[in-house]
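Quick note on labels: first sequence line is chain A, next is B, and so on, each numbered from 1.
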Amino acid sequence: MGGLEVTLGGDAGQLPVPNQGGQILPIGLGADHSEGHDTGLLRRRRELGGPVPALHQQTVDRSFPHHRQRGGIGGVPSGGNPVGRGRQDQGEHHTSIVGRRRCGEPRRKPSADRYNRTLMHRVRFAPSPTGYLHIGSARTFIFNWLFARKNNGTTILRIDDTDAGRNTDASLRSIYDGLNWLDLAWDEHYRQSERLELHGKLAWAIFDKGLAYRDFTPAHSGDDTPDERKGAWLFNPGMPDMPRAESDRRAAAGEPFVLRFRSPRGTGHTIRFTDGVYGEQAKQADDVEDFALLRSNGMPTYHMASCADDADLRITSIIRGQDHLSNTFKHVLIFDALGASAPEFAHLPLLIAPDGAKLSKRKHGPVVSVLTYRDAGFLPHTYVNFLCLLGWSPKNDREVMTRDELVAAFSLAGVNRANAVVNFTDADPVDPKAVWLNSQHLRAWPLAELAPLVRQTLESKGLEADADEAAFARKIDVLRSRYATLEDFAAKGRPYFSDIVEMEPEALAKLDVPGARELLRELSPKLAALPEYTEQTVEAEVRALAAGRGVKAGVIINGARAALTGQHAGPSAFAVFACVGRDRAVRRLAGV
RNA sequence: GGCGCUAUCGUCUAAGGGUUAGGACAAGGCCCUCUCAAGGCUUAAAUACGGGUUCGAAUCCCGUUAGCGCUACCA
């Protein structure tokens with residue numbers, strides 16, 4: 001397999017692989033090609049008569065009958081019920097364990113062998129470390145994870161780092177940080193830079209079959225002006241007709257070249273596959289250019305590395321952004337050339353900005369980073385929940401869902417086809433619906449799990465979280481009913497967790513009610529003298545004082561909230577007394 | 001330019017030929033109330049446009065327009 005310079009990424013493996021649930025497999029050939037791993041699909045493919053010779057002659061049907069089909073049976077357009085927009089299905093019922101049995105059929109206990117052969121779903125999330133973890137990437141990961149969970153499958157994290165020039169450690173770290181924050185574990189982990197040998201081997205195998213050729217044309221950048229490319233849809237026409245002998249000679253002489261796939265143009269071939277979301281897809285091979293497999297430095301391109309790994313890692317379902325929908329035709333070609341069975345594909349609608357443009361850091365700032373939401377005080381699960389709702393619907397009007405509910409409800413059949421707008425503005429980088437969702441989860445979240453998160457938030461802001469767990473939990477419980485994010489505990493919650501009280505103008509107004517300050521100052525020593533300081537005893541004291549002076553209790557109540565917190569809005573004043581604590585309450589009342 | 005994909009309230013979405021086109025966020029109003037939230041009730045708000053097919057179209061077909069994606073030795 002000459003010609004390939006294998007450059008193992010210098011720092012490969014240096015970064016700590018996160019503490020995610022899964023085992024960390026030794027990088028390398030994740031799965032062998034022995035018969036033992038052969039799946040029904042692969043067998044079926046081989047029975048089709050060997051993919052390579054068949055490639056240019058026949059149209060290979062890649063429909064996956066157990067998957068969602070929109071439109072007629074098998075996607076065949078039939079008079080009154082064409083393929084178009086029809087939605088059918090059953091989708092996931094046919095991909096899940098349970099769904100495999102027919103209605104009414106008693107559940108069979110699958111044997112281990114049966115399980116492995118027919119029910120093993122393997123999905124992968126393959127980010128490239130060239131930026132921070134993008135909100136769209138996070139969503140792709142979540143959908144993959146959900147799909148795997150739902151179908152009892154395996155989630156694989158694969159770092160697609162074949163573009164050494166653009167990879168950064170900071171980016172890798174951001175991906176792991178973001179993924180760890182989401183708290184969704186993966187089961188296996190790989191780095192493409194450690195599998196270059198495989199990519200090269202498979203690329204040259206394609207070359208050996210005559211399905212790829214060396215192209216010695218100098219690199220042509222894609223940045224040309226539109227008029228420069230008028231009429232020519234092919235940037236790089238390649239050198240498909242160069243005799244093998246000349247090609248070998250020039251390569252041997254050290255002339256740089258890219259390895260190009262020989263697209264079956266002019267054969268009338270139609271490339272087809274069934275997308276789990278977009279349905280039947282077809283494209284004339286004539287419309288597919290001779291794309292590169294190997295760069296002149298020997299590194300594989302995305303298409304090559306991705307397909308080689310998907311085949312080698314026995315990925316069964318590729319769930320990724322719709323920006324790869326067009327690329328999938330190339331991938332189908334590669335899988336065919338490899339003699340591998342193609343996985344099933346499902347493409348997700350893209351996340352876009354309110355202006356309709358795709359989300360980019362340059363144009364839209366920090367919204368695009370997952371870490372923005374983390375830093376804004378969102379619960380990880382809120383973010384998961386929120387992202388699920390962008391482009392997917394359980395179709396039952398449910399929106400606030402736990403993780404288990406999401407898994408139970410998830411189905412590719414619920415995935416929408418139109419791009420979804422993430423609703424944000426320059427003033428507020430966060431989608432208002434996400435804020436609302438967070439407030440919902442914040443109220444329902446188990447206190448035991450919430451407390452450490454609040455504690456962390458407070459401490460990172462230099463505030464004092466209560467040492468007493470029970471007291472701390474009670475405070476959180478009181479406050480969370482009117483907070484929306486963890487950050488609110490540090491911002492609005494400051495007077496509850498520190499000695500700092502900033503008076504709002506509206507709060508001052510409450511104190512300026514005639515007689516209020518005097519009453520509050522009078523209340524202070526009474527509270528100090530209370531044998532027991534609780535919501536009840538404080539309330540009794542307050543009401544007694546009001547009655548004794550012949551004023552409405554509201555004067556003291558609202559004044560007290562203002563005096564204790566500096567805020568005019570907040571929890572029930574008596575809850576505030578309890579939360580602030582006796583010492584601070586007495587002091588703050590006295591100083592009013 | 002070529003190819004592919006998409007089009008329901010401001011935003012996320014439901015409705016798979018027959019509904020007053022439903023829900024949620026955001027916005028307005030009312031109730032509740034010790035403030036503010038929450039909660040309950042409520043108002044306003046949409047089928048891009050034009051042709052078909054059909055007794056009947058948001059839904060199926062065609063076209064137009066618009067947006068997005070791919071068209072790189074990026075992924």
| query | Within less than 4.0 Å of OP1 or OP2 of B:rU13, is there a side-chain N or O belonging to A:K395? | reply |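 Looking at the OP1 and OP2 atoms of B:rU13, neither is under 4.0 Å from any side-chain N or O of A:K395.
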| said: Whether A:Q281 contacts B:rC3 is assessed here as follows: a side-chain N or O lying under 4.0 Å from the phosphate OP1 or OP2. Is that the case? | reply: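 A:Q281 to B:rC3 OP1/OP2: no side-chain N or O under 4.0 Å.
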Using a heavy-atom cut-off of under 4.0 Å over every strand shown, decide if [X] touches base, sugar-phosphate, or nothing.
X	value
A:A418	sugar-phosphate
A:S306	nothing
A:R398	nothing
A:S572	base
A:E539	nothing
A:F386	nothing
A:N327	base
A:K330	sugar-phosphate
A:E399	base
A:H324	base
A:G391	sugar-phosphate
A:P571	base

Quote, to the nearest angstrom, the [atom1] distance that separates [N] from [M].
N	M	atom1	answer
B:rG18	B:rU54	C1'	12 Å
B:rU71	B:rU59	C1'	33 Å
B:rU20	B:rA57	P	14 Å
B:rU13	B:rU53	P	34 Å
B:rG1	B:rU11	C1'	34 Å
B:rC61	B:rC5	P	12 Å
B:rU43	B:rA24	P	12 Å
B:rA14	B:rG22	C1'	6 Å

Find the distance [X]:[atom1] to [N]:[atom2] and express it as a whole number of Å.
X	N	atom1	atom2	answer
A:L437	B:rU11	CG	C1'	13 Å
A:W392	B:rA14	CH2	C1'	13 Å
A:H441	B:rC25	NE2	P	13 Å
A:N438	B:rC25	CG	C1'	14 Å
A:L564	B:rU35	CG	P	17 Å
A:H347	B:rC70	NE2	C1'	11 Å
A:N416	B:rA15	CG	C1'	13 Å
A:K492	B:rU35	NZ	P	17 Å

Report the nucleotide, chosen from [options], that has the shortest atom-to-atom distance to any side-chain atom of [X].
X	options	result
A:Q322	B:rC5, B:rA38, B:rC68	B:rC5
A:S481	B:rG69, B:rC34, B:rA37	B:rA37
A:W436	B:rU13, B:rU35, B:rC25	B:rC25
A:N423	B:rU35, B:rU11, B:rG69	B:rU11
A:Y278	B:rC34, B:rC73, B:rC5	B:rC5
A:H303	B:rU35, B:rA75, B:rC12	B:rA75
A:D287	B:rC70, B:rC73, B:rC3	B:rC3
A:P432	B:rC25, B:rA38, B:rU35	B:rC25
A:V421	B:rU35, B:rA26, B:rU11	B:rU11
A:L350	B:rC5, B:rG69, B:rA15	B:rG69

Does the [N] base have a donor-acceptor partner in the side chain of [X] within less than 3.5 Å?
X	N	result
A:D397	B:rG22	yes
A:K433	B:rA24	yes
A:S326	B:rC3	no
A:R561	B:rC36	no
A:R417	B:rC5	no

With a 3.5 angstrom cut-off on both distances, give the Watson-Crick or G-U wobble partner of [N], or none if there isn't one.
N	result
B:rC25	B:rG10
B:rC55	B:rG18
B:rC68	B:rG4
B:rC30	B:rG40

| said: Quick one about A:H568 and A:N558 (side-chain donor to acceptor, distance below 3.5 Å, no hydrogens or angles considered), yes or no? | reply: no
| query | Judged by modelled atom types alone, do A:S128 and A:D160 share a side-chain donor-acceptor pair under 3.5 Å? | reply | no
Validation row, ring centre [X] to ring centre [Y] under 6.0 Å:
X	Y	result
A:F378	A:Y383	no
A:F410	A:F143	yes
A:Y302	A:H324	yes

Can we say [X] and [Y] salt-bridge, meaning some charged N sits less than 4.0 Å from an Asp/Glu carboxylate O?
X	Y	result
A:K510	A:E506	no
A:D161	A:R166	no
A:D287	A:R265	no
A:E487	A:K492	no

| query | If you pin A:D163 and A:L389 to their nearest nucleotides in RNA chain B, which one's is more 5'? | reply | A:L389
| message | Both A:K283 and A:G356 contact RNA chain B. Taking the nearest nucleotide for each, which residue is further toward the 5' end? | response | A:K283
| task | For residues A:H441 and A:H381, determine if any side-chain heavy atom of one lies less than 4.5 Å from a side-chain heavy atom of the other. | result |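 Yes, side chains in contact.
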